[in-house]
Amino acid sequence: MGLLTVTGTPLPEPDDLDEDGDDAVRRSAGAGESSRASRHWWDRNADEYQDEHGEFLGDDRFTWCPEGLDEADARLLGDVAGRSVLEIGAGAAQCSRWLAARGARPVALDISYRQLQHSRRIDLARGAAPVPVVQADAAVLPFADGAFDLACSAYGAVPFSADTEALMREVHRVLRPGGRWVFSVTHPIRWAFPDEPGVEGLTAVSSYFDRTPYVEEDEQGRATYVEHHRTLGDRVRELVAAGFRLVDLVEPEWPEGHEQDWGGWSPLRGRLIPGTAIFVAERG
Ligand SMILES: C[S@@+](CC[C@H](N)C(=O)[O-])C[C@H]1O[C@@H](n2cnc3c(N)ncnc32)[C@H](O)[C@@H]1O
């Protein structure tokens, strides 16, 4: 598959083939199958992902999305100095590195060992203190109750997890009361459109309301890549059910002068329809 259908919505016909030759289908996929697929897919594709997007991501930049909204400007997490922060689906921990430079105490969690090796690679190259990393599934966080002041995720585990209601409860559990949980995902409206940067990506071809997962399968029918869709309302409900209060829902606009595509995210589409949704929530 193309890297940028990661967190995108290709909406295939049942017999479509992705770039790896795997079949792309719409079918159900449970928590175990989704996690296994994510772990293997990201281990296999981490090198290519970092190679393709490393420059945009920066070694110690905290950007929320392909629109380029940075935490340095948005300050969605509030004051981070002295705070313990859990970054979920951290990849090579670029955001955690930015947080550490501002006096926070980040822990970068990811399901993919290879992604976390890239974090270590960057730390070694910079000769800086390494970001603490943990390999784990976001649905089962290996931390004590109330261990963190803040939690964040830039396009991390959320779109890849089958049971995000459980994921939200886990994040709630490891945050202290009043702690913030901020995460970005592909804007749910994009699910209705082909994941293409050009004009073909501007015509709705599928129902926004169809939550059937996007799955790529190998010849034995095993999932090799899974993405899950929720509507905006679903996301609000799962946050509230877990005990969070929604503080803001940010839909970053495509900025003037930003001409760089990221897969299906492009200036053409970005100026017409939202590409990212950032949920800002506080633990009750
Ligand atoms: C699109 S990348 C984003 C990584 C990083 N935030 C960035 O902006 O480059 C998604 C990340 O989520 C991780 N991931 C996917 N499913 C996960 C899960 N269930 N638990 C933890 N991490 C997961 C992947 O391994 C991958 O590193």
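Remember, it's 1-based here, ligands and their atoms both numbered in the order they're listed.
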For residues Gln94 and Thr63, determine if any side-chain heavy atom of one lies less than 4.5 Å from a side-chain heavy atom of the other.
-> no
Counting from 1, what ligand 1 atoms have a heavy atom of [X] closer than 4.0 Å?
X      : result
Ser161 : 19 (N)
Gly91  : 4 (C), 27 (O)
Phe160 : 10 (C), 15 (C), 16 (N)
Asp137 : 18 (C), 19 (N), 20 (N)
Gln115 : 26 (C), 27 (O)
Ala136 : 20 (N), 21 (C)

Looking only at non-hydrogen atoms, which of [options] approaches [atom] most closely?
atom                    : options                     : result
atom 8 (O) of ligand 1  : Ala154, Gly89, Cys95, Ala93 : Ala154
atom 12 (O) of ligand 1 : Ala108, Gly156, Cys152      : Gly156
atom 9 (O) of ligand 1  : Trp41, Tyr49, Tyr155        : Tyr49
atom 20 (N) of ligand 1 : Ser38, Ala138, Gly54, Ala92 : Ala138

Test salt bridge (charged side-chain N to carboxylate O under 4.0 Å, His left out) applied to Asp70 - qualifying residues, sequence neighbours left out | Arg61
Let me see the working for Asp210 and His229 under side-chain contact (heavy atoms from CB on, under 4.5 Å), right down to the final yes or no.
-> CA-CA 8 Å; Asp210 182 357; His229 168 59; 6.0 Å; no
Location of contacts on Ala139 toward ligand 1, heavy atoms closer than 4.0 Å = neither
Should the proximity of Leu57 to ligand 1, defined as any heavy atom under 4.0 Å, be assigned to the side chain, the backbone, both, or neither?
-> side chain
Tell me, yes or no, whether the heavy-atom count around [X] atom [atom1], taken from other residues, nucleotides or ligands under 6.0 Å, exceeds 12.
X      : atom1 : value
Glu200 : CD    : yes
Glu259 : CD    : yes
Phe209 : CZ    : no

Side-chain ion pair, Arg114 and Asp47, N-O less than 4.0 Å | yes
Do ligand 1 and Asp110 have nitrogen or oxygen atoms that lie under 3.5 Å from each other?
-> yes
What about the rings of Tyr155 and Trp265, do their centers lie closer together than 6.0 Å?
-> yes
Close aromatic pair by centroid cut-off 6.0 Å: Phe193 and Trp191 | no
